[in-house]
Amino acid sequence: MMGVMLLLGYMTTYAWQGEVVVETPNTQLLLTAHEGSDLRQSYYGDKSATIQQLRDAGSDLNVHALPAFGTVDAVHVPAFQVQHADGDLNVELTVTGYEVKDEARAKLHIFTMKDKLMPVTVKVYYKAYKNVDVIETWTEIVHQEKKAITLKRFDSGHLTLRQGDVWITHLHGNWAAEAEPTMEPLTLGMKTIRNSDGARNSHLDAPEIMLSLDGKPQEQTGRTIGLALCWSGNFELRVNTLSHKEHHVYAGIDPLSSEYVLEPKKVFETPHLALAYSHDGMGGVSRIFHNWARKEGMLHRGMKTGDILLNSWEGIYLDITEEKIIKMMDDIAAFGGELFVMDDGWFGDKYPRKKDDSSLGDWVVDKSKLPNGIKALTDAARQRKIKFGIWIEPEMTNTTSELYEQHPDWVLQTKGRQLKLGRGGTQIVLDMANPKVQDFVFKVVDDLMTQYPEISYIKWDANASIQNYGSLYLPKSKQNNLSIDYHRGLIKTLKRIREKYPDLVIQDCASGGGRANYGLLPYFDEFWVSDNTDALQRVYIQYGTSLFFPANAMAQHINHVPYWNTGGRVIPVKFRCDVAMSGRLGIELQPKDMTDEERQQCTTCFADYKRLRPIVQTGNLYRLISPYENKGVSSLMYVDDPKDQAVLFVYKIVNYCDQPLPRLRLAGLNPEKTYTLHERNIRVNQKACSLDGKQFTGRFLMDVGIEIPLWEDYASRVFEIK
């Protein structure tokens, strides 16, 4: 580093003349900052390069770190663009300062750039973690112009790669079919991934991608970069591939209907973009993100594990009564479960919640269903030595509700236009940009926790997209700010809830996995992976979700059969249990309708899961066989940090006579250690398979592998490896 250093406590200020290394334990981002020029990026990857070596090898990219409209030529796409009050669309950013803040768990690099003509300042942040290989980047924008300016493009980050055989992996899906990975080579031109739902951003396209730099994506080998935009609203990810040059990667808020009006002296901060690099393929990037999530990107729970629960939804839906709820508590307690969650249908006074077309917003107990109130239920849970949880959907209301009758101006709408209605033909979204609505949503949680402090778990749902694009709270000149201010209001409210109730477990649900993102996970303990709990489809959904999210964030439940969501498919209870055991285990059915076999299997499953849970929920994931590889089998395993213990899951997902099945090679073990296999959650009335009790070296298990007995349709096995 060239220049003069001035020590100011924990902050070091440089004369910003030279090269900057932004580094984690095993990776680095190389930048160049010269006063009077813009910030430049040279390299992102492992620590095998310096800028001088890159220059000597002709590999120094030396590209704009934040290409701005008015600075870059027409071939390059800008990551930043504003319209000044006088109509000028140009920005010419040059470096005017650089500082480093040495924090407890990260080093923060801050580059200050200013426009040559107008009083617009952009700070570019790079946060490099000391304990995990993740770099976060974002920008702050502020100006001193006399009138407001309009932010037209404001990406969180830009990354440039040398053009080559680079493939992109991105997740696409829909309700009940989330997180299907698409893998494709990057070709010339622009690849755009966008989600504009408004309230939920991971049902269709998700805000995370992987880039495989050595050709077709591999699970355990190959240089791979992962990007996750930590934002809960509309987003846009773009990759612009230029002929014989570079791949330019951009990530940020989708500017479509989101051009932001920024008043003088107000600071606009973009969402954080998390970057991870590994030479161990997609699996290596996944493990980095999981490690980062548990240490930095999730709520305080981090390395803690979630309880085994019974959720009432698919058991009784809206048909809640005190008698049914208490009977279900008896059942989950008998199985060895730890938590009961009462889902939708418990509320409403003037408009009781009997169907999904009324009552949202009227968060008072329906006394016709629960004559003794919620207190009777929390008492019953305590008597059975289990915890109690409850469902809410606080950002939404129905046109048939007391809340809407009293506060029609609180819903998103455009004056004079007819409301577009969602679920049940009556559901609409509250205006989270409005501070009064923020206070109301906070009060929903605060009232529940004040009246019933024994509530230990809340399922927070969001079952509607933003269809009525308008806010009666925001001025006419700032209607484009709505989609951003909605999520800022949501996050502000969640922060307020967390400050008062830090130990309350809250699940992030949005018609299933519609909000599986790192924008909201810092305020939630877990998310609902999908409304589809069919075990076979969950093998696929959970595989895609695991690319970026750890097991203790993924709620996975045992379902009933025949299952309505997949045409009445019937899957054996053993398979259903084994699939659900690979994340945060729960159950979602009516226990009184279960067969004796199902009851026995679930009891065995719960008991075995409790001993495996620490490894499953906080261990290092190795995906061994993808369900998308068409090998008839899917398999994954978790390994603890010392490599002393592991849990192996194997699922037979295709069934036909004389079926060839692959030999399974394990991963993540110590080749010099000897391991013993113990089969767990053994099928009712059967013995453990031939591998139970056998010993192998880690080298044998990883290099040669084992033959897993999978004879029956939907056969599955779980092994504890010690």
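In what follows, every heavy atom counts, from backbone to side chain, and hydrogens, waters and symmetry copies are set aside.
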Minimum side-chain heavy-atom gap L310-V341 below 4.5 Å: no
Side-chain donor-acceptor contact under 3.5 Å, E588 with N559: no
For a quick test of reading the model, state the closest non-hydrogen atom pair linking D531 to S511 and the distance between them. OD2-C, 3.2 Å
Nearest-0.5 Å distance that lies between atom CG in D344 and atom CD1 in I320: 7.0 Å
If you count the non-hydrogen atoms of other residues, nucleotides and ligands that lie under 6.0 Å from NZ in K722, is the total more than 12? no
Here the pair of heavy atoms bringing P662 nearest to V633 is CD-CG2, 4.1 Å
Is the number of heavy atoms from other residues, nucleotides or ligands under 6.0 Å of R382 CZ greater than 12? yes
I'd like to check the salt bridge (Lys or Arg N to Asp or Glu O under 4.0 Å) partners of E393; sequence neighbours left out, ordered by chain and number. none
Any side-chain donor near an acceptor of the partner, S546 and R623, under 3.5 Å: yes
Minimum side-chain heavy-atom gap K574-D578 below 4.5 Å: yes
Between R599 and D596, is there a salt bridge with N-O shorter than 4.0 Å? no
Looking at side-chain heavy atoms only, is the closest gap between K652 and S716 below 4.5 Å? no
Restricting to side chain to side chain contact (heavy atoms under 4.5 Å, CB included), what partner residues turn up for S202, sequence neighbours left out? A206, P207, A516
Do R515 and D508 meet the salt-bridge criterion of a basic N to acidic O distance under 4.0 Å? no
For a 4.5 angstrom cut-off between non-hydrogen side-chain atoms, does Q601 reach V684? yes
State plainly whether the residues D534 and R569 are in salt-bridge range, i.e. N to O under 4.0 Å. yes
Answer yes or no: is there a side-chain heavy-atom contact under 4.5 Å between E178 and T545? no
Taking atom OG1 of T676 and atom CD1 of I721, what is their separation to the nearest 0.5 Å? 10.0 Å
Checking ring-ring contact (aromatic ring centres under 6.0 Å, His included) against F549, which of W528, F527, Y543 comes through? F527
Taking the side chain as everything from C-beta on, heavy atoms only, tell me whether L648 gets closer than 4.5 Å to L624. yes
Among side-chain atoms of D46 and N26, is any donor-acceptor pair under 3.5 angstrom? no
What do the steps show when you test I653 against L536 for side chain to side chain contact (heavy atoms under 4.5 Å, CB included), and what is the final call? CA-CA 7 Å; I653 57 176; L536 178 59; 3.7 Å; yes
Quick one: does D197's side chain get under 4.5 Å of H203's, heavy atoms only? no
Taking everything shown except Q686 itself, do over 12 heavy atoms lie less than 6.0 Å from its CD? yes
Going by distance alone, is a donor N or O of one side chain under 3.5 Å from an acceptor N or O of the other, for E314 and H557? no
Decide, yes or no, whether a salt bridge links D703 with R665 under the criterion of side-chain N to carboxylate O below 4.0 Å. no
Row check, Y609 ring normal vs R680 NZ/CZ: under 6.0 Å, within 45°: no
Looking at residues at least two apart in the chain, or sitting in another chain, which of them share a side chain to side chain contact (heavy atoms under 4.5 Å, CB included) with S456? L339, K387
Should R498 and D525 count as an ion pair when the cut-off is N to O under 4.0 Å? yes
What I want to find out is whether R613 reaches E338 closely enough, with some N-O distance under 4.0 Å, to be called a salt bridge. yes
Using only atom types and a distance under 3.5 Å, with no angle test, would you say the side chain of T24 pairs donor to acceptor with the backbone of D133? no
Should Y518 and W292 be marked as a ring pair (Phe, Tyr, Trp, His ring centres under 6.0 Å) after you check the CA-CA gap, both sets of side-chain angles, and the distance that decides it? CA-CA 11 Å; Y518 281 114; W292 169 73; 4.9 Å; yes
Taking the inter-plane angle between the rings of Y317 and W313 on a 0 to 90° scale, is it parallel (under 30°), tilted (30 to 60°) or perpendicular (over 60°)? perpendicular
Flag yes if more than 12 heavy atoms outside K130 fall under 6.0 Å of its NZ atom; otherwise flag no. yes
Under the rule for side-chain hydrogen bond (donor to acceptor under 3.5 Å, both in side chains), what residues qualify as partners of Q507, not counting sequence neighbours? Y457, E526
Salt bridge (Lys or Arg N to Asp or Glu O under 4.0 Å) between D319 and K324: does it pass, once the steps are laid out? CA-CA 9 Å; D319 189 19; K324 290 178 181 178; 2.4 Å; yes
H279 atom NE2, neighbour heavy-atom count above 12 within 6.0 Å: no
Applying side chain to side chain contact (heavy atoms under 4.5 Å, CB included), can you list everything that pairs with L275, at least two apart in sequence or on another chain? Y44, L227, L273
Could you verify whether a donor N or O on one side chain and an acceptor N or O on the other, from E136 and H272, lie under 3.5 Å apart? yes
Could you tell me if the side chain of V579 sits less than 4.5 Å from the side chain of Y714, heavy atoms only? no
For residues R223 and S278, is any side-chain donor paired with an opposing acceptor at under 3.5 Å? no
Nearest heavy atoms of L589 and M594, plus distance in Å: CD1-SD, 3.4 Å
Regarding D330 and K327, does a basic nitrogen lie under 4.0 Å from an acidic carboxylate oxygen? no
Minimum heavy-atom separation for K295 and N131, please, with both atom names. NZ-O, 3.5 Å
Residues two or more places apart in sequence or in another chain: which of them pass side chain to side chain contact (heavy atoms under 4.5 Å, CB included) with K673? D644, N670, Y675
Under the side chain to side chain contact (heavy atoms under 4.5 Å, CB included) criterion, do Y622 and N620 qualify, and how do the steps go? CA-CA 7 Å; Y622 291 86; N620 299 302; 4.0 Å; yes
Cationic N near anionic O, under 4.0 Å, K459 to D343: yes
